[in-house]
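Reviewing the structure listed below.
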Amino acid sequence: MKIKTAFFCQNCGYESAKWTGKCPSCGQWNTFVEEKVQKDIPLRNAGWQPEKEHGAKSDNIVNLSEISGTEEERLLTPDAELNRVLGGGIVPGSLVLVGGEPGIGKSTLFLQNALLLKDITTLYISGEESAQQIKMRADRLQVKNDLFYLLTETSTQTIFQEIKKLRPQLVIVDSIQTLQSPFIESAPGSVSQIRETTAELQRFAKESHTPVFLIGHITKDGSIAGPKILEHMVDTVLQFEGDQHYAYRILRTIKNRFGSTAELGIYEMTGGGLRQVTNPSEILISQREDQLSGVAIAATIEGMRPMLVEVQALVTQSVYGTPQRTATGFDLRRLQLLLAVLEKRGGFHFGVKDVFLNIAGGIRVEDPSIDLAVLCALLSSYEDIPISSKICFAGEVGLSGEIRAVNRIEQRVAEAEKLGFEKIFISRYNKKGTDISKFNIEVIPVGRVDEVYRGLF
Ligand code: TYD
Ligand code: MG
């Protein structure tokens, strides 16, 4: 039998019959690798066959109204952040993919949660670390659990044999890139292996009603097949992110068949594992005595929670021909856009300045309402005039320099008031339909960039 091979893009999983330099699907270069594939679809049964009597119904087809519609009871973990991100606990039979860069704390998060789930049998399958290493980590976390089982194995065949014996109620696979199915010949971590092992685990999860968590590494250079190719196969995709040099980690929902994707969990990496952060605002604003220029506080909403975040900007005279722009925790293109708005609509000459922007705490903020604070931090550093630490901002900035309305403004204002802020700048368009009279904090509506400038300096 001739072995069939195909070329797969290791970044997005695109399949091609011949080698190509640039992936037509995701546009990455040099990502195609030849893999052996085995087509096991029996051609006889494929396609449409008009044999059955007209009107005869196969056993596989069920009438929707005959399915009992009771929502299955979710498994609640002791970790409120994880429960929320999953949409209210673990759904039986669900397949959850958790992606993140190496070293961010994925293994720690799931080891810790599995250990804390005291009443259910958990199987932790590790293809990356030895049993001793995991034991050392568990000792560090200082939790004991008699129903926690460990399996250091990479072959799905052996894994399923062990699962049949143990009958765990929760399975964690660390990581999907190390698994190997005996039915596929290519190396672990390749696109076809990842697809096949995930498909096997998916069948296991659905048939046995056991929730399965898959941990997957994301690498920037695409040397390991990215978990992106699995996103459509799993029920839920979570992303664990943060800056390795900071202690804060964010668990974000990217996709969820059982809940909202607007959820978010915040953790702090400590010497004894991950700690849930229930009040994020207080940690994300750095404590400072004297007022410095280039600092502005944004009243953002991440997930369903309001969160006050500190934006720091440094604007200096450019010494080289091309001015530098650097952004940490904020989209660089968005920064360039805001600088262009300031240049064109405000008449500020950022074209001859180096600009550095930083979001405190090493977190990445996706809420566009942070724009206004970024803009004010830039202006504050440009003018070298500090903004009072009792002022915060919530507004999106449009291309023509207008300050646009943002959602859930009342929640933002309430959070700012709770944290002792005295003034909050919001969009003028947000003022309509919002009852701001109930707040003690002074709400300042602004419509354009120049109004903000006049209001501040
Ligand atoms: P790890 O869970 O191994 O990351 P991943 O599985 O995503 O690759 O965690 C990596 C880092 O976490 C490592 O640098 C050590 C640190 N760590 C702590 O700071 N405190 C702890 O209690 C533990 C267990 C790990
Ligand atoms: Mg790990």
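In each ligand, atom 1 is the first atom listed, and ligand 1 is the first ligand listed.
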So, is [X] polar-close to ligand 1, with some N/O to N/O distance under 3.5 Å?
X: T108; result: yes
X: S107; result: yes
X: L141; result: no
X: G271; result: yes

Exercise for review: Describe, in one word, how the ring planes of Y267 and F240 are oriented to each other, choosing from parallel (under 30°), tilted (30 to 60°) and perpendicular (over 60°).
Suggested key: perpendicular
Check your understanding: Centroid-to-centroid, Y149 to Y124, below 6.0 Å?
Key -> no
Exercise for review: State yes or no: are the ring centers of F213 and F110 separated by less than 6.0 Å?
Suggested key: yes
Check your understanding: Out of R275, R249, R305, R252, which one pairs with E81 under the salt bridge (charged side-chain N to carboxylate O under 4.0 Å, His left out) rule?
Key -> R305
Residue [X] vicinity, atoms of ligand 1 by number, heavy atom under 4.0 Å:
X: P102; value: 8 (O)
X: I104; value: 4 (O), 7 (O)
X: G272; value: 22 (O)

To check your reading of the model: name the closest protein heavy atom to [atom], its residue, and the distance in Å.
atom: atom 19 (O) of ligand 1; value: M269 CG, 3.3 Å
atom: atom 20 (N) of ligand 1; value: T270 O, 2.7 Å
atom: atom 22 (O) of ligand 1; value: G273 N, 2.6 Å

Check your understanding: Per the side-chain contact (heavy atoms from CB on, under 4.5 Å) rule, which among T154, L214, I172, V173 passes with I125?
Key -> V173
Review point. Of all the atoms in S107, is at least one N, O or S atom closer to the Mg ion (ligand 2) than 2.8 Å?
Key: yes
Review point. Does K18 count as lying over the ring of F7, i.e. NZ or CZ under 6.0 Å from the six-ring centre, within 45 degrees of the axis?
Key: no
**Study point:** Closest heavy-atom pair and its distance - D354, Q317
**Key:** OD2-O, 4.2 Å
Exercise for review: Answer yes if a protein heavy atom lies under 4.0 Å from atom 13 (C) of ligand 1, otherwise answer no.
Suggested key: no
Exercise for review: From the options R275, R249, R140, select the one whose nearest heavy atom is closest to atom 21 (C) of ligand 1.
Suggested key: R140
